[in-house]
Structures are given as C-alpha cells and as structure tokens.
Amino acid sequence: MESPKPLRVLIVEDVEADVLLLVRELRKNGFDPDYRRIETSQDMREALREPWDLILSDFTLPRFNGVEALKILKAHELDIPFIVVSGTIGENVAVSMMREGAHDYFLKGRLSRLAPAIERELREAKERHARREAEKQRDRLFNLALDMFCVAGFDGYFKQLNPAWEQALGWNIEELLSKPFIEWVHPEDVASTEHALQQLLEGQIVKNFRNRYRCKDDSYRWISWNSFPLMKERSVFAVARDVTEQKSLEDQLRQSQKMEAVGQLAGGVAHDFNNQLTVISGYTELLMHGLTDGDPTHSPLEAIRQACQRARSLTEQLLAFSRKQMLRPEVLNLNTVLTSMNDPLNRMVSERVDVAVITDGALRNVKVDRRQFEQAIFNMVINARDAMPAGGKVTLETANVRVENGDARLALDLTAGPYVIVIVRDTGEGMLPEVREQIFEPFFTTKEQGKGTGLGLSMVYGFIRQSGGAIRVESRPGRGTQFTLYFPATDEPAEIIGKPAAPPPHAGDETILVVEDDESVRQWIVRVLREAGYTVLETANAREAMPLGREYAGRIDLMIADVIMPGMTGPELAEHLLPIRNDMRVLFISGYTQVAALDGAMMPEDAAFLGKPFSHDELLQEIRILLDASVKTIEP
Ligand code: ADP
Ligand code: MG
C-alpha cells in the first residue's frame, strides 16, 4: 500500500465533531492531513500566512461564513482549492458560491466523492501553478530581452512591444504605439518596407529584412527583422535586432575591399608608368648636359624635364596609395619631427591660419619613413588650410594609446597593442557624410579643376596602412574635421637625425654590374654610368647575371639590380652572389615594392634602394655614397 499523502488542510468549521469526521474521511482515502480548524475571519487571515494545500469550509458558522472566507482568500490572491462542505447548503447557494470561485461543494452526510474531488482539485491547482510560472518566465524574457519583440496588426500599427524598443530607439512604448509604424522608417527604406509587409499580408515569412528606424534624437538605427504573419489574428509577430554596429563594420569591409582593388590598379599603372618616366627624364637630362648656354633646344627640354618631375610626384603618390612605395622606416619620436615642422607649416598656411603642435611628453617611438610622414602631415595641413578660407586653427597633437582586441568602436583593423596617435584637427567647414566616405580614394576631390589632385589623402592612407597603422576621420559640416593617425609604437631607441652630408663628386672608375629587365631603362643607366667613367657590365636578368657575376675575372665593386624581375628577384640574386663577391656593394632599384617579395629575411642588411624614376644626378650620387662608404662587413 502507498504511504499516506501529506496534505495541509485549513478547515473553516465551528463543530469539532464535523472536523473529526472530515479528517477520518481523508485518512481513509490515503491522505495524511496536517490540519487546523478556524472559525473567524481573524483566524483566517492569520492562517493564510502559512502555505495550505486545501481549504474545506462550512457554509454558515456563528461568527463567520463560507462566502466571507472565499473573499478573504481572493483578497490574498492565493490559488488554493476551496471546497464547501455543509450540512444545510441548498443548490442555489452552492451554485452562487461556485460562481464566486469555490471549486466544489459537498453535503456533510455524503462525502463519498470528496476524496476524488480533492485529488482532482490538487492536480488542477498544480497545473495552474505551472502555467503561471511559464507565463512569468515568458514575461521576463519579453521584458528583459535585448532583442526587440513585437506584435503588429495588419492595420499598420504596433500592438505590443517589449522594453528593448525604448532602449534601442529612445521613444517610449506609448509613443511607438500611437502612430503607424511606417512613420518611423527612413524615407529611403519605405518602399522596401512596404514590399516586405505585402509579403507578410500574403502569408509569407520574411527573414533578415533590414531597414532604418528613426530614434528620438533624430539619428537612425539599422534594424534587422525576422517576421511571420498569423493570418487568423491579422497580426505579424516579429523579432528585431539593432544591427547598426554590424552594418557599419560590413560597410567598412566593403570600403576597404574597394580601396584594395583600386590600389592594385593604381599600383600597376604607376609601376609601368614609372619605368617610362625614368627613360624620358633620363634621356632629357642627358641631352641637356651636352648643351651650351643659350641653345634653343634648352627651354623645350627643360619643359619636358619639369613635366617629368610633376608626373613623377603623381606616380609617387599613386604608389604610396597602393602601398607599394619604397619606405625607409627609421625609429623616430614624432614629437621631435612635428616640432621641427612647426615653422615650415606655419609659413605654408596663410596668416589667418594658426598651426599649433601639442606634444605628449612621454611619447613612445615609432618606426616610420620620416620623409613620407612629413609629406602626409603637409598634405593634411594643406587640406585643413583649404577648408578654412576665412582662417582658423590647425592643431597637431600626439598621444600614446592602446588598441584592444575587438575595439569595434574604432573598427580600424589594427592588431591589439600600443600605438602612437597623431591627431590633426581643424576648425574648418567640415564634410558631409557622403564626401567623408570617399576622401581616401585616389582622384576624389571637391576642389575646382586645377586646385586639387585628389591624391593627397590617398597618399596619407596608403602610407599609414603600409606602415602598419590606420587612419580615422570624424567630421561634421560646419564643425571642423579631425583625423587620427595610428602608428605602432616601438621600444627601439630613436635615431639621431643628422644633416645630410654634402653631395660627393659623381664620377668614378669602378666596375658596376647592371641587372635590369627593362631594356630602355637599362640602356639609359648604362649610358649614364659609362659617361661618368665607370666600367659597366650589363645583363637583362638574374639568369644571365649569375655566371657573369661568378666568372668575371676582375673585381665588381657594385651591382645595380632591379628588385622585381622575371625568374629571380634582385634580392635573391644578391644572396647568391654576395658569398662569392663579398666586397661587392648592392644597389636595388625599383618603382614597385611588393612588400611580400621584399621579405626582410632575404634582404641583405645594408642594401641600398633607389626608387624609380630617379634622375641622372640621384643615380650617380647614390652610387658614390655606396662606393665611398667605409669597409663593409659581411656576416658569415
Ligand atoms: P585634394 O586636396 O586634392 O582635393 P585630398 O585627397 O587631399 O585631395 O582630399 C580629398 C577631399 O577631401 C578634398 O577635396 C576635400 O573635399 C576633403 N577634405 C580633406 N581634408 C579636409 C578637411 N580638413 N576639411 C574638409 N574637407 C577635407
Ligand atoms: Mg589635398
């Protein structure tokens, strides 16, 4: 036999004998009642502070009655099965008590059905309780969820919204319920939203639909929706999520892919163009060298030379943008560099513009190309000046910062670590968002024809990216512009920047091996070298250069090699030849630094570079510096 079921029973009854009767009936039916008898409303209130499984109540007592007892129970908002057990109750009264909320009734003389009724009531009470708990959980989910839940009617109004809406948009729920929801949708998204609604009205589920909702502060948030219609209720149930952050990361990725593609194109064009420029400007200089003063061909040749120089600076900026320029990074303290630029910058801007440098005393060092850094700062200060026709202030400020992993707010695509930032801030006219999105693209300019090339910020962008950093811009029309440049910090000590030595004499009689695959560039170099007195060995590629380098009977003082050549790169060639000719110096020439190809490990430590195009003088000067440098040490 099963052990008796414990049952806490509150019995509203004045006659003790009737109570015992009830208790016996319960015991007989497998219950183990723990009971208390009460007979006043006062007793009832006190008793309800404790938990009860069941209330059995007489209908009339001297000082209390069943109806009162039921009222007190309701007032306590307790869901305890309430069964009337009376000797006198008539059908009418019983029915009206049931209506008041009693669960069942019995006459004292006929208790045979009491036990099954109690079983049933206990079970149902338990089910009600479970249901209420589940509802409570659902409400909690609804109220606490960060996602936005909504029920909207086919009439175009929201019916029910959870509090997440208030947090996301800033409106309170009543405001959102008061107008057709389409009124909050961004004008550009109304058509697509109406289309999505049409699908829902036709009974289709709509997944991952995105539109913009207007916030209380007039900004817009991107919302992504998963919605399904309930045709019978003429309603749409939806879960929505604020994806503004995610959207902006996606846009940024798309933008950087576009920049990548444009960069590849620009870099490729600039590379081939540079080779041609080397030839044009080289031969022009050569021709000019042989001229007497007052020769009529002098001025047209000078015009060609100058055009070449302008073309050269354009291609340099394009190469910088495509991150394929030759960088000569040195360890610098940007405070020193910026302070030394203060005067030239102030001279460059008009009298109405003031340039101020604010330096962080404990600034860490960075490893960047000084010349390119200065060029970048000049470009940005010129832009700031142009944005302040009526005058204003440009502030250059430095600071140490740490970029943390997942610094989504910055979305700069930087590895975590210490950085040095340079902030360039102006009080100029600022930019519209659609301008701001395009400023780093090559040839994007808002300046009139002849005033801007649209390459200034492209150069800045490429240079910073190639240096392992990033650039961020904040700007509002009429509110000025702020650029933040990030450079990776280094613990290496800064180099002391000395004045460049006086240019050495150009000529020489040493032996030089020239390895260059571009026919006309090679011919020009060979001719310049021979005219300057050098003995020149020439080859078109590394395959030819290898045996020549190995077997040439005399001494080879210098090898000039292109970096990127079919078959074998210049650095690879040097790696093969240097062990055999360890007193040979090497000069790499290239207009095209494929960073990957210039794997640092393969590059001879003291190799020198000359970026194409270079002038006659620059070539001869670089050669003399190399040949005259003190004895070179070779690592075993
Ligand atoms: P350019 O100066 O030749 O136009 P840039 O690449 O230097 O080319 O700049 C591109 C565009 O970015 C400018 O035409 C201008 O519209 C905008 N811009 C750049 N810097 C600023 C600034 N500080 N304030 C306002 N607009 C700027
Ligand atoms: Mg500019």
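Since the model is a prediction, treat every value here as computed from it, not as a measurement. Both counts, for ligands and for their atoms, begin at 1 and track the order of listing.
- Between the side chains of T315 and N274, at least one donor-acceptor pair of N or O atoms lies under 3.5 Å.
- Screening the protein for N, O or S atoms under 2.8 Å from the Mg ion (ligand 2) yields 1; no waters enter the count.
- N333 and N365 share a donor-acceptor pair across their side chains, judged by distance under 3.5 Å alone.
- What sits closest to atom 27 (C) of ligand 1 on the protein, heavy atoms only, is M431 CE, 3.7 Å.
- Contacts with ligand 1 closer than 4.0 Å are made by side-chain heavy atoms of D426 only, the backbone lying farther away.
- Closest of all the heavy-atom pairs between M388 and G428 is CG-CA, 3.3 Å.
- The side chain of T481, and not its backbone, has at least one atom closer than 4.0 Å to an atom of ligand 1 (non-hydrogen atoms only; side chain from C-beta on).
- Contact check on E175 versus K216 returns a salt bridge, with a Lys/Arg side-chain nitrogen under 4.0 Å from an Asp/Glu carboxylate oxygen.
- For Q264 and E260, the side-chain atoms include no donor-acceptor pair closer than 3.5 Å.
- Considering backbone and side-chain N/O atoms, G454 comes within less than 3.5 Å of an N/O atom of ligand 1.
- Checked by distance only, ligand 1 and T445 come closer than 3.5 Å through their nitrogen or oxygen atoms.
- The side-chain hydrogen bond (donor to acceptor under 3.5 Å, both in side chains) contacts involving residues 390-401 comprise N335-T398, E397-R425, where partners must be two or more places apart or lie in separate chains.
- No N or O atom of G452 sits closer than 3.5 Å to an N or O atom of ligand 1.
- Any N or O atom pair closer than 3.5 Å counts here, and E429 shares no such pair with ligand 1.
- Within 6.0 Å of the CZ atom in F209, the count of heavy atoms belonging to other residues, nucleotides or ligands exceeds 12.
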